[in-house]
Amino acid sequence: NRIECSVETVCVSDLDGLTTVEKTVGTAPGLSLIEYPNLLTSFLSIKQHSSYPKCVDGQTPNSKVICEPGALAVDEEDGDLTSKILMCPPDSCLESGCPGHEFSSKAVGSCFSTSSEVGSVFELTFLVFDSEVP
């Protein structure tokens with residue numbers, strides 16, 4: 001009776017003679033926002049109808065040119081994962097690794113609209129997968 005002896009639909013008695021395989025799960029990658037103290041921190045005000053682009057390579061945001069610098073990611077097993085950082089990925093793709101939502105190729109404007117009402121609050125979500133996820 002598989003209902004009474006079942007552990008996730010497998011009866012332990014059916015496992016006699018089978019080898020047990022244990023998988024060690026590594027640590028999650030570290031992810032940190034690139035911040036510029038006194039200019040860009042975790043919160044930023046953007047004028048309505050203005051643009052908020054990604055910073056181009058080597059560009060430092062300043063009071064006249066505000067841009068999104070992104071984040072950095074490092075993993076103990078996989079090394080530098082910065083190029084694999086995702087920005088605002090939809091929940092529907094999280095199991096597949098979200099191809100096409102990499103920060104390097106996605107426009108910041110696809111995450112929110114600066115034409116929204118004054119006082120609107122938006123969240124830029126950054127996340128990264130290591131080799132444990134497809």
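Only a predicted model underlies this, so the values are computations on that prediction, with no experimental measurement involved.
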Evaluation steps, side chain to side chain contact (heavy atoms under 4.5 Å, CB included), between Leu94 and Phe129: CA-CA 9 Å; Leu94 294 179; Phe129 295 113; 4.1 Å; yes
Main chain of [Y], side chain of [X]: is a donor-acceptor contact present, judged purely on distance under 3.5 Å?
| X | Y | result |
| --- | --- | --- |
| Thr82 | Ala73 | yes |
| Lys54 | Lys106 | yes |
| Glu76 | Thr27 | no |
| Thr114 | Ser50 | yes |

Distance-minimising heavy-atom pair for [X] and [Y]:
| X | Y | value |
| --- | --- | --- |
| Cys98 | Pro90 | SG-O, 4.3 Å |
| Glu123 | Cys88 | O-SG, 4.4 Å |
| Pro53 | Val108 | C-CG2, 4.1 Å |
| Phe126 | Leu31 | O-CD2, 3.2 Å |
| Cys55 | Pro61 | SG-CG, 3.8 Å |
| Cys93 | His101 | SG-CD2, 4.1 Å |

Minimum side-chain heavy-atom gap Thr125-Met87 below 4.5 Å: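 The answer is no; the side chains never approach within 4.5 Å.
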Pairwise side-chain contact, Ser113 with Phe122, heavy-atom cut-off 4.5 Å (strictly under):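 Contact flag for Ser113/Phe122 side chains = no.
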Can you tell me how far apart [atom1] ([X]) and [atom2] ([Y]) are? Round to the nearest 0.5 Å.
| X | Y | atom1 | atom2 | answer |
| --- | --- | --- | --- | --- |
| Leu86 | Leu127 | CG | CG | 5.0 Å |
| Asp130 | Asp78 | CG | CG | 5.5 Å |
| Leu124 | Cys111 | CG | SG | 5.0 Å |

Hydrophobic cluster membership, Val74 vs Leu33, 4.5 Å side-chain cutoff: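 Different clusters: Val74 never reaches Leu33 through Ile, Leu, Val, Met, Phe, Trp or Tyr contacts under 4.5 Å.
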From CA spacing to verdict: side chain to side chain contact (heavy atoms under 4.5 Å, CB included), Glu102, Ile85: CA-CA 6 Å; Glu102 295 83 5; Ile85 292 175; over 6 Å; no
Pair Lys84-Phe103, side chain to side chain contact (heavy atoms under 4.5 Å, CB included): steps then yes or no: CA-CA 8 Å; Lys84 297 183 181 205; Phe103 176 70; over 6 Å; no
